[in-house]
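Have a look at the structure below before the remarks.
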Amino acid sequence: MEGLSALGRSIGSFIAFWPIVYTLGATLLGILIGCMPGLSATLGIALMTTLTIKMAPNDAILILICVYVGAIYGGSRTAILLNIPGTAANAAACLDGFALAQKGQAGRAMGIATTGSVVGSLFGVACLALFTPSLGEIALSFGAFEFFWLGVFGVLMTGSLTGDDALKGWIMGFVGLFAAQVGQEGIHAFNRFTLGSNDLAGGISLIPALIGAFGFAEILMVLTAPQAKPVVNSVDSVLPRFGDVLRYWKTILRSGVIGVYVGILPGVGEDMAAWSSYAAAKRASPERDQFGKGSVEGLIAAETGDNASIPGGIIPALALAIPGSAPAAVLMAAMIIHGVQPGPMLMVSQPQFVYDVVTMTLFATLAILFFGLFMVRPLLKIIMVPRSIIMPIIFVLCTVGSFSIASRLFDVWIMLAVGLCGFVLRKLGYPMAPFVLGLVLGDIVDKSLRRGLVLSDGSLAPFFTRPISAVIFAIVLFTVLMYVPAFNRMMRNAWGLIWKGGG
Amino acid sequence: MKSDTVQGAFWIAVGGAIFYASWTMDRLANLGVKPFSAPGLLPGILGVFIVLLGIAMLLRGKRQGLAEAIEWRRLALPIGLCLGFAAGLVGRGLPFWLAAWVFVAVMIWTLQFKERRVKRELGRLAAISLSIGLAASAAITLVFQEVFLIRLP
């Protein structure tokens, strides 16, 4: 009841002229960012963090959440029309969305994507409102030992599930954790790996590093890829068909649950949510032979899953300060910049803020419904703009964005260095998301490890014997061991025997 | 040589260097800091894990050959222009709007040059590059500096 009245207060405070203008403007901007292959939700939030740095915290975070939701939704446009996902989260939508477009049903596909995105987001928003306070309450019993393992778990999970090669993902996660150690550390104020540089003593700033990894590196990636041309220049009606929604309500519900669950897992992003929802829908569907050939159910599953994972990813960011995905990591960093400290104490110190975030996500969802229905044709024109025009402008924004956080040129050099290294590493098959998670979680992992050891007077035992610590450690160990071929074979055999025995 | 072998060796060297730097880092014993709270503890552990993952990569030795896929020759000019703008022009006294205008115009010219030369549209390309560059730099300067009150480099 208390939660409902807090939510009511939040909604009341956001129904005003400027919040509505910010919602519409930022969601539209997010959709445009999502529409352009090469621009990710992470980059969009990072750039907007710099632009909104002088705004009031609630206005700035409203804008960032709208950009986030808009970008993930907007990526489905290029997935449907170009067969290129606007963001990684829309890769699953390519399979059936593009097939529908080729059949002359691009408008219907976009209507389905809009429906799936809106329903998925609404489901996620409900979970955000319900689970964040409860998770925050549970997290109040967490100590340094649990936070250490949660941080490690987040980095390892991202490493395992993003990209094709877990080994490379883990390396990037550890490199990210290391990068976070550069500069003055938070316990004894000792300068680590600064090579005598005053600039490095301030550490590698998150936003410039992110802009490098997702902006400059992405610009170079796009410049090396061939440009695709849209297969359709006109679309049929984009109005969602209620028959489609009612017919696939089970798929929508299942995808929503999967999306939120995957979102909550530390470090596992929207792309994994979309693929998991798609795979689950395919397994359960009587029309599974239609998947990949223009299945409405497949498209609805993918889009519901990725959008439901957005609020899902914000849940652990708010309650535990462990972001559920790379864009949620930037959002969390932006909250810290604006004076909000996510973590277990958030529900104690600023309980209203959690409901404000719920309201912001709700507003962003309503805005994508509005733009999804009424802004289809103008948005089609955006994806026709040549990348040779877009990319130089994006690079100027990357430079300004890196500089404006702290007004120091050193951050621009960080952006360039991370961007160039990120480009080479991505070409070699190393994913960037684990690096980002490592960079965000490095401080919490370092402080939790050393604080835990101080509390236990140097004993490692509490890291493995405290109940929650032991469970998270077991999951971490199991995740790593599953990549050891002998252990993996053994588990598969054991699983097979259990199934046979059961059958 | 196999791609994984080279990359594995690289990560072993990186992890080894991190471990060495962490091991030799001041442990602040003179301040009464206990060894398990020393600043180099986590970086040292990370160095060890990076070495172990490098060894795993080295032993796996899959041939991937992606390193050759980077078209450095084609990218050299765009990368050079980006570095020239961000590290050379910006913050060196030139007004930001002018630096951004020059960069965007030259970059568009460079990226579209081949295609437009074939179509004999170099004059049009020059006009397009200059006008888009001016519009973009004016819009960015106005939005950041005047609307959102952000200091530009």
Side-chain angles (χ1 to χ4, degrees), chain A residues 50-55 165 167-168 170-171 174-175 177-178 181-182 185 187-188 190-193 216 219-220 223-224 386-389 391-393 395-400 402-404 407 409 412-413 415-416 419-420 423-424 427-430 442 445-446 449-451 453-454 456-458, chain B residues 3 7 11 14-15 18 21 25-26 28 31 33-43 45-47 49-50 53-54 56-57 60 64 66-67 69-71 74-75 78-79 82-83 85-87 90-91 96 100 103-104 107-108 111-112 132-133 136-137 140 143-144 148-153:
Chain A
T50 65
L51 194 64
T52 55
I53 203 152
K54 298 220 170 137
M55 292 178 82
D165 189 344
L167 201 58
K168 289 181 174 175
W170 293 339
I171 288 178
F174 285 125
V175 170
L177 282 175
F178 171 71
Q181 310 307 311
V182 175
E185 49 96 29
I187 293 185
H188 308 297
F190 181 79
N191 285 349
R192 295 187 292 203
F193 311 105
F216 186 28
I219 289 169
L220 298 177
L223 290 179
T224 55
R387 62 189 183 197
S388 53
I389 291 175
M391 291 305 144
I393 298 171
F395 184 75
V396 174
L397 289 173
C398 288
T399 308
V400 175
S402 308
F403 176 84
S404 56
S407 295
L409 276 175
V412 176
W413 302 340
M415 181 272 289
L416 293 173
L420 276 178
F423 169 66
V424 174
K427 278 283 183 184
L428 291 169
Y430 291 84
V445 170
D446 178 43
L449 174 68
R450 291 192 287 153
R451 275 184 192 148
L453 285 170
V454 168
S456 65
D457 201 22
Chain B
S3 174
Q7 290 172 44
W11 291 118
V14 170
I18 293 173
M25 192 180 284
D26 193 341
L28 309 177
L31 298 175
V33 172
K34 295 191 173 163
F36 44 75
S37 174
L41 181 70
L42 183 73
I45 295 172
L46 292 174
F49 275 102
I50 293 172
L53 291 172
M57 190 175 269
R60 177 176 75 170
Q64 293 185 326
L66 282 165
I70 303 176
E71 299 168 71
R74 198 175 132 199
L75 278 175
I79 290 178
C82 288
L83 293 180
F85 167 69
V90 165
F96 179 80
F103 168 74
V104 174
M107 193 79 168
I108 293 173
L111 293 174
Q112 293 195 359
I132 292 176
S137 77
I140 292 171
V143 170
F144 274 81
F148 288 92
L149 308 173
I150 307 284
R151 210 183 130 207
L152 290 172

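Computed over heavy atoms, backbone and side chain alike; hydrogens, waters and symmetry mates excluded. Each chain gets a letter, A, B and so on, in the order the sequences are listed, and its residues count up from 1.
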### Task
Would you please test A:Leu449 and B:Ile45 for side chain to side chain contact (heavy atoms under 4.5 Å, CB included) and show each step?
CA-CA 11 Å; A:Leu449 174 68; B:Ile45 295 172; 3.9 Å; yes
### Counterpart residues, side-chain contact (heavy atoms from CB on, under 4.5 Å), relative to A:Arg451 (two or more places apart)
A:Ala144, A:Ile187, A:Lys447
#### Entry: Gap separating the CG atom of A:Asp165 from the CE atom of B:Met57, nearest 0.5 angstrom
6.0 Å
## Note on the structure
When rounded to the nearest 0.5 Å, the distance separating CE of A:Met415 from SG of B:Cys82 is 8.0 Å
### Message
Ring centres under 6.0 Å, that's the criterion: do A:Phe174 and B:Trp11 meet it?
### Response
no
### Task
Give, as side chain, backbone, both or neither, the part of A:Val182 having an atom under 4.5 angstrom from any heavy atom of chain B.
neither
### Task
Locate the shortest heavy-atom distance separating B:Leu152 from A:Phe403; write the atom from each residue and the value.
C-CE2, 3.5 Å
#### Entry: Under 3.5 Å donor-acceptor, A:Arg192 side chain and B:Pro39 backbone
yes
### Query
When the ring planes of B:Phe103 and A:Phe395 are compared, do they come out parallel, tilted or perpendicular, using 30° and 60° as the limits?
tilted
### Message
Taking atom OH as the centre, does A:Tyr430 end up with more than 12 heavy-atom neighbours from other residues, nucleotides or ligands that are less than 6.0 angstrom away?
### Response
yes
### Message
Would B:Ile150 and A:Thr50 count as a side chain to side chain contact (heavy atoms under 4.5 Å, CB included) here? Give the steps.
### Response
CA-CA 8 Å; B:Ile150 307 284; A:Thr50 65; over 6 Å; no
### Task
List for me each residue that meets side chain to side chain donor-acceptor pair (under 3.5 Å) alongside B:Lys34, sequence neighbours excluded, and say none if there are none.
A:Asp457
## Note on the structure
Per-residue tally against chain A (heavy atom, under 4.5 Å) across B:Ala100, B:Pro43, B:Ala136 peaks at B:Pro43
